[in-house]
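Since the model is a prediction, treat every value here as computed from it, not as a measurement. Both counts, for ligands and for their atoms, begin at 1 and track the order of listing. Values below: every heavy atom of this structure, side chains too, minus hydrogens, waters and symmetry copies.
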Amino acid sequence: MDFALSEEHRMVQNMVREFAQKEVAPIIKEYDRKQEMAAFILPRMAELGILGICFPVRYGGQGMDYIALGLVCEELEAVDSTLRVVMSVHVGLNSMGLLQWATDEQKQRFLVPQARGEKIACFGLTESGAGSDVAGIISTARGEGGAYLLNGEKMWISLATKAHHALVVARTNPEAPDPHDGLSAFLVELNSPGVTAGDIHGKLGVRAGSTGWLAFQDVRVPVENRIGEEGEGFKIAMSCLDNGRYTVAAGATGLIRASLDASVHYAHERKAFGREIGKFQLVQQKIARMVQSYEMGRLLYLRAGWMKNMGLRNTRETSLAKWFATDASFDAASDAIQVHGAYGYSDEYDVERYLRNSKGAVIYEGTSDIHQLMQAGYALGYRTDTSLRCELPKYDREFWQED
Ligand SMILES: Cc1cc2nc3c(=O)[nH]c(=O)nc-3n(C[C@H](O)[C@H](O)[C@H](O)COP(=O)(O)OP(=O)(O)OC[C@H]3O[C@@H](n4cnc5c(N)ncnc54)[C@H](O)[C@@H]3O)c2cc1C
């Protein structure tokens with residue numbers, strides 16, 4: 001077993017750390033207060049190759065592996081969750097779904113510009129009446145002369161107003177005996193007539209990011225834009241979540257690290273009862289828990305990344321990594337506020353933003369309740385994973401790096 005990162009991994013880690021710490025950290029509070037995404041973020045991430053980090057060069061990517069993707073997410077969320085959310089939706093939920101399920105022609109049309117960052121991608125699964133219960137989706141896509149007519153609304157869609165492409169799941173067969181089998185997936189070009197989008201304001205966290213809604217009224221989606229077969233929409237959505245959850249797990253680990261670093265710094269600086277507060281055992285206990293959570297979060301996400309590299313099914317391991325790291329990041333941010341006392345309660349310090357941001361990840365991409373059900377289901381033998389028609393391709397360095 002090799003725990004060492006490669007030279008390449010360390011290079012990408014340093015590059016992303018430098019971008020996040022130098023270019024984003026100084027401005028993030030201002031944008032969080034304004035509840036607006038800074039305009040330079042997406043073009044700069046594209047320019048640095050971050051948006052295509054783990055895709056083969058022939059598909060517009062940087063040719064790196066899935067571990068590199070995890071490391072990128074950890075570094076980004078150590079500064080702000082909104083940066084990692086971009087990776088979760090653009091890379092994890094959408095582009096990796098295309099890598100797994102799209103035809104070569106679709107990869108050329110959609111994945112290449114996405115991996116290059118020329119087109120921004122989002123993921124439209126949730127509806128106002130269907131979140132955890134995906135089979136409750138009521139958006140419809142009705143086949144009509146070489147195309148589908150898409151109607152419906154998607155809620156809580158990250159990057160809804162920034163994206164050019166959305167991977168949308170809609171109902172193609174309302175008569176399917178099992179409603180899961182009546183869903184299909186489509187790559188919808190958001191400049192198509194009949195598409196409207198808007199932002200959601202007043203969120204608890206990820207305020208420097210973009211979360212919104214998408215509405216489709218008689219949107220004509222060509223048959224060539226259907227991803228996978230008719231009826232495969234649920235399976236495709238779930239495998240996209242295997243990839244999105246991986247990025248969330250890695251990012252939440254970064255947020256734990258940020259809470260730990262801020263707490264250690266403050267514990268040395270702040271004095272009470274004649275000594276620095278780091279000397280008090282109850283402060284130490286909080287810091288020790290953050291160390292423990294960070295190390296556990298990191299091992300869990302790196303194992304999931306390794307499994308992806310090896311082409312092994314990792315739904316169970318990724319769910320565990322996501323559940324653990326997101327709950328632990330919420331606890332770490334809360335403890336970090338406690339360590340900071342009243343100052344932690346103000347936006348003079350970053351830790352209050354960490355807490356607000358951490359809560360979202362406990363909810364999206366499967367709430368912590370859903371992940372507990374999944375883990376119990378696997379342990380009790382109620383749940384097993386069967387092989388898919390298209391699996392996420394294992395990392396093959398030669399194939400990935402060839403032009
Ligand atoms: C900031 C943010 C960004 C998001 N981005 C996206 C995006 O880009 N694309 C997208 O498609 N969606 C996105 N979502 C939506 C997100 O995935 C859903 O909110 C999530 O799946 C939960 O669905 P829900 O909100 O409808 O809650 P519900 O499913 O209504 O759940 C409500 C409560 O009931 C619990 N519950 C539900 N079913 C069960 C059960 N069987 N057993 C036990 N408890 C249960 C839940 O755990 C939760 O506590 C985003 C959400 C947020 C907050």
Scan the side chains in residues 55-64 for donor-acceptor partners under 3.5 Å anywhere in the protein, sequence neighbours excluded, and list what turns up.
| residue | atom | partner | partner atom | Å |
| --- | --- | --- | --- | --- |
| Arg58 | NH2 | Phe399 | O | 3.4 |
| Arg58 | NH2 | Glu402 | OE1 | 3.1 |
| Tyr59 | OH | Asp104 | OD1 | 2.8 |

Pairs under 3.5 Å, nitrogen or oxygen of ligand 1 with protein nitrogen or oxygen:
| residue | atom | partner | partner atom | Å |
| --- | --- | --- | --- | --- |
| ligand 1 | 5 (N) | Trp156 | O | 2.8 |
| ligand 1 | 5 (N) | Ser158 | OG | 2.9 |
| ligand 1 | 8 (O) | Ser158 | N | 2.9 |
| ligand 1 | 8 (O) | Ser158 | OG | 3.4 |
| ligand 1 | 9 (N) | Phe123 | O | 2.8 |
| ligand 1 | 11 (O) | Leu125 | N | 3.0 |
| ligand 1 | 11 (O) | Thr126 | N | 2.8 |
| ligand 1 | 11 (O) | Thr126 | OG1 | 3.1 |
| ligand 1 | 12 (N) | Thr126 | OG1 | 2.7 |
| ligand 1 | 12 (N) | Trp156 | O | 3.3 |
| ligand 1 | 14 (N) | Trp156 | O | 3.1 |
| ligand 1 | 23 (O) | Ser132 | N | 3.4 |
| ligand 1 | 29 (O) | Ser132 | N | 2.9 |
| ligand 1 | 29 (O) | Ser132 | OG | 2.6 |
| ligand 1 | 47 (O) | Thr367 | OG1 | 2.7 |
| ligand 1 | 47 (O) | Asp369 | OD2 | 2.6 |
| ligand 1 | 49 (O) | Asp369 | OD2 | 3.3 |

- prompt: Taking atom types as modelled, is there a side-chain donor on Thr253 or Arg257 under 3.5 Å from an acceptor on the other?
  reply: no

query: Do Lys203 and Thr211 get their side chains close enough for a donor-acceptor pair, meaning under 3.5 Å?
result: yes

message: Quick test of your reading: applying ring pair (Phe, Tyr, Trp, His ring centres under 6.0 Å), list the pairs with at least one residue in residues 63-84, sequence neighbours left out, ordered by first then second residue.
response: none

query: How would you list, by chain and number, every residue that makes a side-chain hydrogen bond (donor to acceptor under 3.5 Å, both in side chains) with Thr315, sequence neighbours excluded?
result: Asp242, Arg313

field: Name of the residue among Arg33, Lys29, Arg353 meeting side chain to side chain donor-acceptor pair (under 3.5 Å) with Asp347
entry: Arg33

